[in-house]
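As structure tokens, the structure follows; a few thoughts come after it.
Below, each value reflects all heavy atoms present in this structure, side chains not excepted, and no hydrogens, waters or symmetry copies.
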Amino acid sequence: MCGRQLNEAELLAYKISDELKENLGERISSSFSFSRIQETPWIEFSIEFVTYNFFNIILNYNRGSFGCAIVNGDLAISLPNSQEWYDKADMNVFLQRITSTVRIKDSR
């Protein structure tokens with residue numbers, strides 16, 4: 001990061017990516033890609049990653065609201081989300097739902 005201090009949006013994006021790594025583990029088959037990170041006038045960012053070497057996933061965060069979609073080119077299929085507000089979310093519930101939605105044959 002070249003010694004630069006991260007802003008609030010970047011810190012939150014990294015925190016969420018750490019939660020994704022911790023909960024999804026080996027199911028994530030790519031590094032995370034961060035985009036649209038802005039801190040003002042509100043916090044907004046996207047995190048993209050691949051699960052099961054197959055599903056391209058994007059997590060969008062905008063002013064506290066967040067959710068995921070499967071991306072296929074210019075199209076995205078929104079994934080069901082009962083945890084719509086990050087500050088009130090149970091990330092275990094959110095990630096279990098994402099995992100069960102995109103699950104392919106998994107021996108775990």
Side-chain angles (χ1 to χ4, degrees):
M1 305 274 166
C2 303
R4 173 177 87 73
Q5 191 168 353
L6 299 176
N7 67 35
E8 188 177 346
E10 292 166 327
L11 288 170
L12 184 55
Y14 280 109
K15 179 181 183 226
I16 291 174
S17 69
D18 287 345
E19 290 174 313
L20 290 166
K21 277 188 252 184
E22 184 179 312
N23 286 281
L24 298 177
E26 294 175 2
R27 295 177 184 100
I28 296 175
S29 49
S30 72
S31 57
F32 292 96
S33 173
F34 300 93
S35 60
R36 298 183 322 111
I37 296 178
Q38 71 174 39
E39 185 175 40
T40 57
W42 56 78
I43 293 178
E44 181 178 341
F45 57 83
S46 294
I47 303 171
E48 294 183 54
F49 58 99
V50 177
T51 60
Y52 297 104
N53 287 320
F54 188 77
F55 295 104
N56 297 307
I57 306 292
I58 188 167
L59 181 144
N60 292 310
Y61 180 100
N62 185 340
R63 302 178 217 190
S65 174
F66 75 114
C68 284
I70 297 172
V71 178
N72 185 14
D74 291 337
L75 302 174
I77 302 166
S78 183
L79 298 175
N81 182 11
S82 63
Q83 308 294 305
E84 296 176 8
W85 297 97
Y86 182 75
D87 63 337
K88 297 177 183 171
D90 180 333
M91 286 302 282
N92 290 325
V93 170
F94 174 75
L95 294 167
Q96 285 173 359
R97 184 69 186 258
I98 297 302
T99 302
S100 67
T101 303
V102 299
R103 176 170 287 152
I104 57 178
K105 187 168 177 151
D106 186 1
S107 60
R108 284 173 264 184

Joint hydrophobic cluster, I16 plus I57, side-chain heavy atoms closer than 4.5 Å: yes
pair F94-C68: side-chain heavy atoms closer than 4.5 Å: yes
Residues F34, E10; criterion side chain to side chain contact (heavy atoms under 4.5 Å, CB included); working and verdict: CA-CA 9 Å; F34 300 93; E10 292 166 327; over 6 Å; no
Side chain to side chain contact (heavy atoms under 4.5 Å, CB included) assessment of F45 paired with L12: CA-CA 9 Å; F45 57 83; L12 184 55; 4.0 Å; yes
F66 and Y86 aromatic ring geometry - parallel, tilted or perpendicular at 30°/60° bounds: perpendicular
Heavy-atom pair with the smallest gap, counting every atom of R97 and P80: NH2-CB, 3.3 Å
Over all atoms of both residues, closest heavy-atom pair of S78 and A69: CA-CB, 4.0 Å
Quick one: pull up [atom1] in [X] and [atom2] in [Y] and give me the separation to the nearest 0.5 Å.
X	Y	atom1	atom2	result
N60	I47	CG	CD1	9.5 Å
R36	N62	CZ	CG	7.0 Å
Q96	D90	CD	CG	8.0 Å

N/O donor-acceptor pair under 3.5 Å between E39 side chain and E8 backbone: yes
Check ion pair D18-K15 (N to O, under 4.0 angstrom): no
